[in-house]
Q: 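I have a structure here, written as structure tokens, and I will follow up with some questions on it.
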Amino acid sequence: MPQKPRVLFLDDEESIRATLPLMLEAYGFAVTSAATVPDALRLISHEKFDVLIADLNVGNAGDGFTVVSAMRRTQPQAVNFILTGYPAFETALEAIRQQVDDYLTKPTEIESLVDAINSKLADRKPTHGIQPKRLPDIIEQHRDWIVKQWLVEVNNDPEIGAISLSDSERQDHIPRLLQEAVDRTKGRQLTPGDSEAAALHGTIRRKQGYTAPLVIREAKLLLGALAQCVQQNLLAIQVSYLIPDMVKIWETIETELEISVKAFLETADESQARYAAVPERRRKVSRSNRN
């Protein structure tokens, strides 16, 4: 008697976990369910599966991709499906089709799902697991995503977003800063040119209407975007180098932040000094003209 294809089904909605596996089992599949990403990762590390069906958003947006990456890395022969409840997101999914065998829109008909699974299993081709990369390589690969995610966060911040700037003005030297962090992690030392760029960033932020706390806050948001990138690509990263690589990247950003804030404050001091140098009589005339 042929062995039933083994399916790992990941979804955080209890009602779906209670129904879809039963329907798949009625079509001859052996289904194991998981409600969280850690549960799914634990199952992948201990059991063998032929198929993964993962909801796109489990806990956090895009968590399904984390599980797909784990399956690709440890069980490259498995067929991977992503379920999404947002049809408009399908075009974005095209970009990661090399990692996902197919995607389905919720709610999906059981017959369509079964046909898709059987079709992919019948046409299954030998694949190779994902070769883990160093964190700087992951950041370099996903730099545009990190910048876009950071822009979303800063534009949504009530105080930073209230400063009217274009995306180009807002991101300023962020792409260069990320590249500096990558290069330093690969062994390159910071140069005077790097420091000058960081100082210029602080000066520009002063002229754009930022306060020093806002300059620090947007740097913290950048670290948050980097952390999201690490989380989403955790199983594609060489774990043995992850901590030292993170330390160097975080240190680079913090060092550049110190230079930016120092230049920001020096710009403020220069402005105050210039104002103090204006004779009191001229300042009175200026205030009188304004009145």
Q: Please enumerate all residues that pass side chain to side chain donor-acceptor pair (under 3.5 Å) together with Q228, with sequence neighbours excluded.
A: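 For Q228, the residues satisfying side chain to side chain donor-acceptor pair (under 3.5 Å) (neighbours in sequence not counted) are Q149.
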Q: Would you check if Y27 and N118 make a side-chain contact, meaning some heavy-atom pair closer than 4.5 Å?
A: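 A side-chain contact under 4.5 Å is absent here.
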Q: What residues, two or more places apart in sequence or in another chain, satisfy side chain to side chain donor-acceptor pair (under 3.5 Å) together with E169?
A: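 Once residues adjacent in sequence are excluded, the partners of E169 under the side chain to side chain donor-acceptor pair (under 3.5 Å) criterion are S166.
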Q: Can you tell me which residue pairs pass the ring-ring contact (aromatic ring centres under 6.0 Å, His included) test with a partner in residues 149-196, sequence neighbours excluded?
A: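 ring-ring contact (aromatic ring centres under 6.0 Å, His included) check on residues 149-196 returns H173-H201.
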Q: What I'd like to find out is whether the side chain of V7 reaches to under 4.5 Å of the side chain of F49, using heavy atoms alone.
A: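 No, every pair of side-chain atoms sits at 4.5 Å or beyond.
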Q: List for me each residue that meets salt bridge (Lys or Arg N to Asp or Glu O under 4.0 Å) alongside E256, sequence neighbours excluded, and say none if there are none.
A: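 Partners of E256 by the salt bridge (Lys or Arg N to Asp or Glu O under 4.0 Å) criterion come out as none, since no residue qualifies.
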Q: Is the backbone of I160 close enough, under 3.5 Å, to the side chain of D157 for a donor and an acceptor to pair up by distance?
A: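 Yes; judged by distance alone, with no hydrogens or angles, the pair exists.
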Q: Going from CG on L151 to CZ on R170, what distance comes out if it is rounded to the nearest 0.5 angstrom?
A: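 Result: 8.0 Å between the selected atoms.
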Q: Using atom types as modelled and distance alone, determine if a side-chain donor or acceptor of S119 lies under 3.5 Å from a backbone N or O of D115.
A: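 No.
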Q: P21: which residues meet the side chain to side chain contact (heavy atoms under 4.5 Å, CB included) condition with it, sequence neighbours left out?
A: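 Checked P21 against side chain to side chain contact (heavy atoms under 4.5 Å, CB included); matches are F9, V31, S33.
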Q: Counting only heavy atoms not in K220, do more than 12 fall under 6.0 Å of its NZ?
A: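 12 or below, so no.
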Q: Just verifying a value: how many Å separate I249 CD1 and L135 CG, rounded to the nearest 0.5 Å?
A: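 So the CD1 of I249 and the CG of L135 are separated by 4.0 Å.
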Q: Begin with the C-alpha distance, continue with both residues' side-chain angles, and end with the deciding distance and a verdict on salt bridge (charged side-chain N to carboxylate O under 4.0 Å, His left out) for D194 and R184.
A: CA-CA 11 Å; D194 298 330; R184 183 167 182 252; over 6 Å; no
Q: Which residues pass the salt bridge (Lys or Arg N to Asp or Glu O under 4.0 Å) test with E25, not counting sequence neighbours?
A: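 With sequence neighbours excluded, E25 shows a salt bridge (Lys or Arg N to Asp or Glu O under 4.0 Å) to no residue whatsoever.
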Q: Can you name the side chain to side chain donor-acceptor pair (under 3.5 Å) partners of E251, sequence neighbours left out?
A: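 E251 satisfies side chain to side chain donor-acceptor pair (under 3.5 Å) with no residue once adjacent residues are dropped.
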Q: Quick one: closest heavy-atom pair of A78 and M71, and the distance?
A: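 Minimum heavy-atom contact is CB-CG, 3.7 Å.
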Q: Can you tell me if S112 uses its side chain to pair, donor with acceptor, with the backbone of T108 under 3.5 Å?
A: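 No, the answer is negative, given that no donor and acceptor are paired below the 3.5 Å cut-off.
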Q: For the backbone of I253 and the side chain of E180, can you confirm whether one donor and one acceptor N or O come within less than 3.5 Å of each other?
A: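 Looks like no, no N/O pair under 3.5 Å.
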Q: According to side chain to side chain donor-acceptor pair (under 3.5 Å), who are the partners of D50, at least two apart in sequence or on a separate chain?
A: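 So D50 forms no side chain to side chain donor-acceptor pair (under 3.5 Å) with any residue.
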Q: In chain order, what residues pass the ring-ring contact (aromatic ring centres under 6.0 Å, His included) check against H142, with sequence neighbours excluded?
A: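 None.
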Q: Any chance you could pull the hydrophobic cluster mates of I204, using side-chain heavy atoms under 4.5 angstrom and chaining through other members?
A: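 I204 shares its hydrophobic cluster with L200.
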Q: Any side-chain heavy-atom pair from D167 and N155 closer than 4.5 angstrom?
A: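 A side-chain contact exists here, since the closest heavy-atom pair is under 4.5 Å.
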Q: Does R205 make a cation-pi contact with F264 (under 6.0 Å, within 45 degrees of the axis)?
A: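 R205 over F264 ring: no.
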Q: Who passes salt bridge (Lys or Arg N to Asp or Glu O under 4.0 Å) against R17, sequence neighbours left out?
A: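 Expected list: none.
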Q: Considering only heavy atoms from C-beta outward, does the side chain of L113 approach that of I53 to under 4.5 Å?
A: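 SC-SC contact between L113 and I53 confirmed.
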Q: Please report the interatomic distance CG(N80) to CG(L8), rounded to the nearest 0.5 Å.
A: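 One finds 9.5 Å between CG of N80 and CG of L8.
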Q: Side-chain contact test, heavy atoms from C-beta onward, threshold under 4.5 Å: evaluate it for V182 versus L178 and give yes or no.
A: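 A side-chain contact under 4.5 Å is absent here.
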Q: Considering only Ile, Leu, Val, Met, Phe, Trp and Tyr, and joining two whenever side-chain heavy atoms are under 4.5 Å apart, list the other residues clustered with L22.
A: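 Direct or chained contacts put L22 with none.
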